[in-house]
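Heads up, the thing below is written out as structure tokens.
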Amino acid sequence: MTWAVFTSVGPIPGAIQNVFRRIFQEWFPSTGYEHAGGPEMEVYLPGDVTAEDYRSEVWIPIVKK
């Protein structure tokens with residue numbers, strides 16, 4: 001699979017929910033890609049998930065339209 005990886009910055013769950021919203025409302029419509037139908041992954045890196053600078057990742061499987 002090909003994956004688009006997006007970084008989320010901020011406390012969980014709000015920050016990661018915002019990233020998902022932006023992926024589907026902004027990123028997909030403005031690119032030549034669509035969801036590949038595979039599983040999505042959320043990667044939680046070590047750290048304080050309530051911190052304003054906490055970083056996590058969202059991995060979305062993609063295919064060219």
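The minimum heavy-atom distance between Gly38 and Met1, with the atom names listed, is CA-CE, 3.9 Å. Between Pro11 and Thr50, the closest heavy-atom pair is CB-O, 3.5 Å.
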| task | Evaluate the side-chain contact (heavy atoms from CB on, under 4.5 Å) criterion for residues Val19 and Trp27: first the C-alpha distance (whole Å), next the side-chain angles of each, then the deciding distance (0.1 Å), finally the verdict. | result | CA-CA 10 Å; Val19 168; Trp27 190 81; over 6 Å; no

| field | Step-by-step side-chain contact (heavy atoms from CB on, under 4.5 Å) determination, His35 to Phe28 | value | CA-CA 8 Å; His35 198 288; Phe28 274 126; 4.1 Å; yes

| request: Walk me through it: do Tyr54 and Val9 pass the test side-chain contact (heavy atoms from CB on, under 4.5 Å)? | output: CA-CA 5 Å; Tyr54 178 72; Val9 179; over 6 Å; no

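Between Lys64 and Glu34 there is no side-chain heavy-atom pair separated by less than 4.5 Å. Counting only heavy atoms from C-beta outward, the side chains of Arg55 and Ser8 never approach each other to under 4.5 Å. In this structure, the side chains of Phe6 and Arg22 stay at 4.5 Å or more apart for every pair of heavy atoms. The closest side-chain heavy-atom distance from Glu42 to Ile16 is below 4.5 Å. Counting only heavy atoms from C-beta outward, the side chains of Arg21 and Glu26 approach each other to under 4.5 Å. A 4.5 Å side-chain heavy-atom check between Ser56 and Ile12 finds at least one atom pair inside the cut-off.
Linking ILVMFWY side-chain heavy atoms closer than 4.5 Å, directly or via other members, places Val63 and Ile23 in two distinct hydrophobic clusters.
Here Asp53 contributes atom CG and Asp48 contributes atom CG; the two are 8.5 Å apart, rounded to the nearest 0.5 Å.
Under the side-chain contact (heavy atoms from CB on, under 4.5 Å) rule, Ile60 has a single partner from Phe20, Trp3, Tyr33, which is Phe20.
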